[in-house]
Amino acid sequence: QLQKDLEEIKELLTKATRKRVRDVLMTEKHKLELEIKNQPLPKPKDMVEEEKSSLGGYTVKINNYGWDQSDKFIKIYISLNGVQKLPAENVQVNFTERSFDLLVKNLNGKNYTMTFNNLLKPISVEGSSRKIKTDMVLVMCRKKREEKWDCLTQVEKESKEKEKAAYDTSDPSEGLMNLLKKMYAEGDDEMKRTINKAWVESREKQSKGDIPMDI
């Protein structure tokens, strides 16, 4: 599925002409490539079929969660009504050094899954665990090093850094240009006319030597 998404984004990139659209597509392309790279190896077909037959019902992918951290742990909170009534073996979490998979089986006739690949920093597989609370599963990822995490995954970090770099620069005039470009791209016709007028007037003053060339 991820590979199909990637192919479609590549196709859209060949047709996109606006820089802003191309930037967005390139960011998504980079994210998908990272996700594909960090996917766990596919399981043998007979194992997959066996898991499917044992699950029954249908599977829901969990997208909503909250997270927090202490010096030693990353804590992910997943709300699931009635989860405390399940047998403990129905709530399974598999950890690797940079990922974890949660599987909740047969909760109100459905199965729930959540996968985190490419965690920001390594975790201790042996020191990580899960706790079942009232209407909630708490996944405890034991940090290998006691340091603060700015986000959960490497993909999130790279996305934030790219966004910041686009509008955060040590050159004030470059920062202004980026801001003007953003305002122009997102603005209405009136905004675009205003920016165009300011740009023309600025160029005229520069050509007369009234102001230094800073834009």
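Atom NZ of K160 sits about 7.0 Å away from atom CG of D150, to the nearest 0.5 Å. Between K157 atom NZ and K121 atom NZ the span is 6.0 Å, to the nearest 0.5 Å. Rounding to the nearest 0.5 Å places OG1 of T115 at 6.5 Å from NZ of K61. Residue K148 holds its NZ atom at 10.5 Å from CD1 of I74, rounded to the nearest 0.5 Å. Note that CG of N118 and OG1 of T153 are 6.5 Å apart. Values are rounded to the nearest 0.5 Å. Taken to the nearest 0.5 Å, the OG1 atom of T59 stands 7.5 Å off from the CG atom of L103.
Partners of F100 according to the ring pair (Phe, Tyr, Trp, His ring centres under 6.0 Å) rule, which considers only residues two or more places apart in sequence or in another chain, are F116.
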Take E97 and K144 through the test side-chain contact (heavy atoms from CB on, under 4.5 Å) and record every step on the way to the result.
CA-CA 9 Å; E97 194 175 68; K144 276 210 167 178; 2.6 Å; yes

N/O donor to acceptor pairs below 3.5 angstrom from side-chain atoms of residues 25-33, sequence neighbours left out:
{"residue": "T27", "atom": "OG1", "partner": "D23", "partner atom": "O", "Å": "3.0"}
{"residue": "K29", "atom": "NZ", "partner": "E33", "partner atom": "OE2", "Å": "3.0"}
{"residue": "H30", "atom": "NE2", "partner": "E158", "partner atom": "OE1", "Å": "2.7"}

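A heavy-atom distance below 4.5 Å is found between the side chains of I62 and L102. K143 has its side chain within reach of Q69: a pair of non-hydrogen atoms, C-beta onward, lies under 4.5 Å apart.
Between D135 and G82, the closest heavy-atom pair is OD1-N, 2.7 Å. Contact record, L119 with S99: CD1-N, 3.7 Å, taken as the closest heavy-atom pair.
In this structure, L138 shares a hydrophobic cluster with F73, Y77, M136, M140, the cluster being traced through Ile, Leu, Val, Met, Phe, Trp and Tyr side chains under 4.5 angstrom apart.
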